[in-house]
Amino acid sequence: MPRLTYQTSVASLIQFIALMLLGVPFTLINIISTCHSDNSNCVSNMISSLILYILFAAWFGMIVLLGVAAQKKRSRMFAFLLIGFELVTLVGCLIDFPHDTSIFDRFTVLVCAALSVWVIYIASRLFLAGNKRVVKKSGPIRRVRKSR
């Protein structure tokens with residue numbers, strides 16, 4: 001597997017796909033549990049859950065656009081904005097973690113936090129490199145001896 005040294009677009013797209021796929025069962029479980037326990041709030045909860053899912057999709061879609069822009073233009077500004085958006089996402093995940101009751105919810109939050117840290121790492125490498133090439137850390141410089 002190739003190392004993603006500066007590919008913020010790929011990393012943010014993986015984050016988007018993973019969290020949207022995990023969000024579908026989370027939203028369905030929330031709707032079904034509310035409709036099962038309280039029929040009077042079923043429709044309003046379904047509408048609010050779908051609106052919340054769409055807002056999450058828009059948020060992570062904006063992160064994907066920032067990731068693409070940061071990678072294509074190798075822009076420090078876009079990389080910095082991406083880091084900021086991911087920090088907000090990470091803080092939201094960490095605030096949500098203690099309030100989740102099911103194992104699936106906690107798993108989703110941990111995946112969200114891990115992917116946010118991963119994208120922050122890649123974006124920070126891009127930010128530090130600026131418009132230069134992002135390279136792996138090199139070991140000690142070896143000098144080649146000339147034979148006499």
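Counting from 1, the numbers follow the sequence of the chain as shown. These numbers come from the heavy atoms of this one structure, side chains and all, not from hydrogens, waters or symmetry mates.
- If you take CG on Leu28 and CG on Leu50, they are separated by 8.5 Å, rounding to the nearest 0.5 Å.
- At least one donor-acceptor pair closer than 3.5 Å links the side chain of Thr8 to the backbone N or O of Gly67.
- Using a 4.5 Å heavy-atom cutoff, the side chains of Ser124 and Ile83 are in contact.
- Considering only heavy atoms from C-beta on, Ile51 comes within 4.5 Å of Leu55 through its side chain.
- Residues Val43 and Ile47 are in side-chain contact: their nearest non-hydrogen atoms beyond the backbone lie under 4.5 Å apart.
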- request: For the pair Leu66 and Phe85, evaluate side-chain contact (heavy atoms from CB on, under 4.5 Å) and give the outcome as yes or no after the intermediate values.
  value: CA-CA 9 Å; Leu66 282 173; Phe85 273 67; 3.7 Å; yes
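- The structure places CZ of Phe80 at 11.5 Å from OG of Ser75, a figure rounded to the nearest 0.5 Å.
- Listed for the Tyr53 side chain is no donor-acceptor partner under 3.5 Å among the backbone atoms of Phe26.
- Taken from CG in Leu65 to CG in Leu13, the straight-line distance is 10.5 Å, to the nearest 0.5 Å.
- Linking ILVMFWY side-chain heavy atoms closer than 4.5 Å, directly or via other members, places Tyr121 and Val111 in a single hydrophobic cluster.
- Looking at Thr89 and Cys112, their side chains come closer than 4.5 Å, going by heavy atoms from C-beta outward.
- With hydrophobic clusters built from ILVMFWY side chains whose heavy atoms lie under 4.5 angstrom apart, Phe127 does not share a cluster with Val68.
- By the 4.5 Å heavy-atom criterion applied to side chains, Glu86 and Ile63 are counted as neighbours.
- Cluster membership for Ile122 and Ile120, using ILVMFWY side-chain heavy atoms within less than 4.5 angstrom, is not shared.
- Taking OG from Ser9 and CZ from Phe16, the interatomic distance works out to 14.0 Å, rounded to the nearest 0.5 Å.
- Residues Met62 and Leu52 are members of one and the same hydrophobic cluster, defined by side-chain heavy-atom contacts under 4.5 angstrom among Ile, Leu, Val, Met, Phe, Trp and Tyr.
- Side chains of Ser116 and Gln15 form a contact here, defined as non-hydrogen atoms less than 4.5 Å apart.
- Note that the CG atom of Leu81 and the CZ atom of Arg76 stand 13.5 Å from one another [nearest 0.5 Å].
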task: Give the C-alpha distance, both sets of side-chain angles, the deciding distance and a yes or no for side-chain contact (heavy atoms from CB on, under 4.5 Å) between Phe107 and Leu22.
output: CA-CA 9 Å; Phe107 173 74; Leu22 287 172; 4.2 Å; yes
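- In this structure, OG1 on Thr27 lies 12.5 Å from CE on Met46, to the nearest 0.5 angstrom.
- One hydrophobic cluster, built from ILVMFWY side chains closer than 4.5 Å, holds both Ile17 and Val24.
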- request: Check the pair Asp105 / Val109 against side-chain contact (heavy atoms from CB on, under 4.5 Å), numbers first and verdict last.
  value: CA-CA 6 Å; Asp105 295 344; Val109 169; 5.6 Å; no
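- No option in Val117, Leu115, Ile95 other than Val117 meets the side-chain contact (heavy atoms from CB on, under 4.5 Å) test with Leu90.
- For Ala123 against Ala79, the heavy-atom pair with the smallest separation is O-CB, 3.7 Å.
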message: Assess the residue pair Ile14 and Trp118 against the criterion (side-chain contact (heavy atoms from CB on, under 4.5 Å)); give the C-alpha distance rounded to whole Å, side-chain angles, the decisive distance to 0.1 Å, and a yes or no.
response: CA-CA 11 Å; Ile14 290 171; Trp118 181 48; 3.9 Å; yes
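- Remark: Phe104 CZ is packed, more than 12 non-hydrogen atoms of other residues, nucleotides or ligands lying under 6.0 Å away.
- By the 4.5 Å heavy-atom criterion applied to side chains, Trp59 and Val88 are counted as neighbours.
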